[in-house]
Amino acid sequence: MSKQSYSTHHGMVDLLPGEIEQWQALEAIIRETARRYHFQEIRTPVMEQTELIARGVGQLTDIVSKEMFAFDRGEDRYVLRPEGTAPVARAFVQHHLAQRGGCQRLFYIGPFFRAERPQKGRQRQFHQFGAELIGASGAIADVEIIAFMLAVYRQVGISNITLKLNSVGDPASRNAFRKALHDYFLPLKDDLSEISRKRLDTNPMRILDSKEEEDQPLKAGAPKIIDYLTPESKAHFDAVITLLEKMHIPFERDPFLVRGLDYYTETAFELVSPDLGSQDALGGGGRYDLLIEEVGGQPTPAVGFACGIERLMIACEALGITLADPAGPDLYFVTRGEEAAQWALENMPALRGKGIVCTMDYSGRSLKAQMKDANRQGARFAVIVGEQELADNRFTLRNMAESDEVTVSPDELADRILP
RNA sequence: GAGCCCAUAGCUCAGUUGGUUAGAGCGCCAGGUUGUGGCCCUGGAGGCCGUGGGUUCAAAUCCCAUUGGGCUCCCCA
């Protein structure tokens with residue numbers, strides 16, 4: 001009786017015709033770029049075991065501690081995946097992909113879920129594309145991953161982007177650095193922001209991430225991870241830098257860049273854009289040499305990235321980049337009467353079989369209304385099917401753009417329409 | 001979790017110091033053209049003015065609450 005109205009959940013949106021074309025075009029670019037870089041697609045379920053995400057991403061991260069859509073069902077604990085790397089690592093281990101030999105080059109496109117407060121460039125269901133190069137420890141792998149990521153943006157036509165680069169070191173580096181940070185910030189504890197004070201003991205590296213006003217002057221004098229890298233980590237970072245320069249890939253060193261997920265080691269990078277507003281990261285990634293082991297596999301080095309598709313779309317819009325427009329049908333059947341409509345229905349499949357995109361009117365409206373609809377839908381041709389035409393087996397084919405008409409037999413239709 | 005802003009037709013928005021039947025543009029439907037789109041003209045449909053309460057003779061307009069949305073902090077894609 002009463003009309004209940006429904007809408008999407010907060011932070012989740014519908015993609016409608018007119019907008020979806022841009023997404024499809026972008027996905028095509030991603031797939032084609034992946035093909036050229038020889039990354040193969042992997043699709044994992046949108047739900048994972050909660051424990052996998054908690055362990056893989058890290059209990060203390062914001063993602064795990066407060067942003068997961070999770071529920072229990074009997075003995076099982078489900079979570080809508082908040083990111084893509086831990087699930088891919090899980091799949092790598094579960095299916096013994098290491099046994100396939102060499103290193104695995106995987107990419108993915110899909111939805112992810114975080115229960116955050118939505119704002120520009122941040123949705124609760126959002127979409128990422130990303131890639132993982134698993135089983136390669138050298139700096140070349142890091143640079144390959146970065147090159148792949150940047151190639152997508154180059155193909156799309158987004159050029160005003162900045163690659164920020166840092167190293168978070170290996171465990172030994174991080175322990176030394178963490179201790180140095182703790183020693184540095186401890187005497188300043190009372191001057192730190194509340195959030196940073198909490199992190200002093202749990203994860204002092206995250207203080208460097210802080211955008212709190214009062215933390216900025218304190219951050220300036222803080223120790224830099226670069227000075228605490230072990231010789232091995234330092235060598236790896238230097239090698240990445242050398243290779244990036246060799247590849248003419250511009251980047252900026254950012255000593256404060258600390259990625260928010262626990263599994264990162266060594267190289268960390270982020271791609272930022274001035275066109276996004278407050279959430280300025282298009283994507284980011286880095287090396288995660290400990291994750292595979294953390295989720296139950298053999299120690300396996302790996303490096304990857306993830307990029308936000310919604311944010312890429314925002315950048316496209318800001319830059320006026322249109323990747324695709326809605327495509328109209330090749331042929332629109334304008335019909336008079338039931339017999340004509342059935343004739344159209346019977347004749348469309350053969351044309352479609354030849355690759356011609358056909359549609360028709362289903363409402364039996366006036367010829368004028370049908371022509372208007374054909375125009376609105378962007379049809380290249382309209383064919384008029386009435387009693388006279390059916391009797392003569394000759395039909396009027398109208399070129400909508402040229403506004404000229406020819407009379408054709410049904411057999412001639414396809415040749416007239418195909419380019 | 002905190003702050004700021006917004007809510008009138010499908011969309012974008014007007015709506016004077018509270019004052020009759022709430023408007024425009026675009027879109028939609030139809031007619032002008034008994035079988036022809038775009039341009040033009042005419043007409044029509046479509047609103048419990050987000051919801052609930054209050055003030056008032058009178059509320060889209062003022063007050064309170066509530067819901068929804070947007071942006072921002074935190075953090076991330």
Side-chain angles (χ1 to χ4, degrees), chain A residues 3 5-13 16 18 57 60-67 81-85 109-130 149 193-196 198-199 203 206 209-213 215 257-261 264 270-273 276-285 304-315 328 332 334-337 340 361 363 365-389 395-405:
Chain A
K3 255 194 186 167
S5 70
Y6 300 98
S7 62
T8 53
H9 273 121
H10 200 205
M12 301 187 180
V13 302
L16 305 177
V57 176
L60 295 177
T61 59
D62 284 0
I63 290 176
V64 171
S65 63
K66 59 184 188 191
E67 297 172 358
R81 59 184 188 182
E83 60 96 48
T85 300
I109 305 175
F112 297 89
F113 304 84
R114 294 182 197 172
E116 295 182 276
R117 205 63 167 251
Q119 65 189 64
K120 186 172 186 181
R122 167 179 292 163
Q123 298 295 324
R124 289 185 160 187
Q125 175 174 339
F126 59 104
H127 298 78
Q128 290 186 331
F129 67 94
M149 177 176 79
S193 65
E194 192 185 335
I195 180 85
S196 292
K198 274 190 209 153
R199 286 179 182 152
N203 193 352
R206 291 277 298 284
D209 249 353
S210 169
K211 289 170 189 160
E212 296 287 329
E213 197 69 37
D215 292 340
L257 175 63
V258 179
R259 311 241 67 233
L261 283 55
Y264 284 110
E270 195 165 289
L271 195 62
V272 298
S273 159
L276 295 187
S278 178
Q279 307 304 322
D280 67 347
L282 280 166
F305 73 84
C307 292
I309 294 182
E310 283 83 358
R311 292 187 184 177
L312 200 161
M313 291 302 182
I314 291 171
Y332 188 112
V334 173
T335 63
R336 297 272 301 172
D361 174 79
S363 63
R365 295 191 290 177
S366 71
L367 197 76
K368 177 175 175 168
Q370 293 186 48
M371 288 301 294
K372 197 173 170 181
D373 192 40
N375 182 61
R376 175 172 36 218
Q377 293 195 37
R380 290 171 53 224
F381 292 90
V383 64
I384 291 156
V385 184
E387 286 138 32
Q388 193 61 52
E389 284 82 355
F395 299 86
T396 304
L397 181 67
R398 182 177 179 86
N399 182 319
M400 298 297 281
E402 306 297 327
S403 294
D404 58 26
E405 297 181 347

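Below, chain A is the first sequence line, B the second, and so on; all start at residue 1. Please read all numbers here as calculations on a predicted model, not as lab measurements.
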Between the side chain of A/R311 and the main-chain N/O of A/G121, is any donor-acceptor distance below 3.5 Å?
yes
Give one of base, sugar-phosphate or nothing for A/A281, where a contact means two heavy atoms less than 4.0 Å apart.
sugar-phosphate
Does A/H10 have a side-chain nitrogen or oxygen under 4.0 Å from the phosphate oxygens OP1 or OP2 of B/G69?
yes
For B/G69, take OP1 and OP2 only and decide whether either is under 4.0 Å from a side-chain N or O of A/Q119.
no
According to a strict under-4.0 Å criterion, is A/R376 in side-chain N/O contact with OP1 or OP2 of B/G27?
no
Paired with B/U66 by Watson-Crick or G-U wobble geometry, both distances under 3.5 Å: which nucleotide is it?
B/G50
Would you indicate what A/I63 reaches in the nucleic acid, counting non-hydrogen atoms under 4.0 angstrom: base, sugar-phosphate, or nothing?
nothing
Identify the nucleotide, in any strand shown, that forms a Watson-Crick or G-U wobble pair with B/C26, with both distances under 3.5 Å; if there is none, say none.
B/G10
Short side-chain N/O contact to B/U36 OP1/OP2 from A/R398, under 4.0 Å:
no
Checking all strands, does A/E83 fall into the base, sugar-phosphate, or nothing category for heavy-atom contacts under 4.0 angstrom?
nothing
By centroid distance (under 5.5 Å) and plane angle (under 30°), are A/F126 and B/A77 in a stacked arrangement?
yes
Provide, to the nearest angstrom, the distance between the CE atom belonging to A/M371 and the P atom belonging to B/G35.
14 Å
Where is the tightest heavy-atom contact between A/F126 and A/E310, given as atom of each residue plus distance?
CA-OE2, 3.4 Å
Answer for the Watson-Crick or wobble partner of B/A2, both distances under 3.5 Å, is B/U72
Hey, is the side chain of A/R365 poking within less than 4.0 Å of OP1 or OP2 on B/C29, counting only N and O atoms?
yes
Closest non-hydrogen contact found for A/I109 with A/F129 is CG1-CB, 4.0 Å
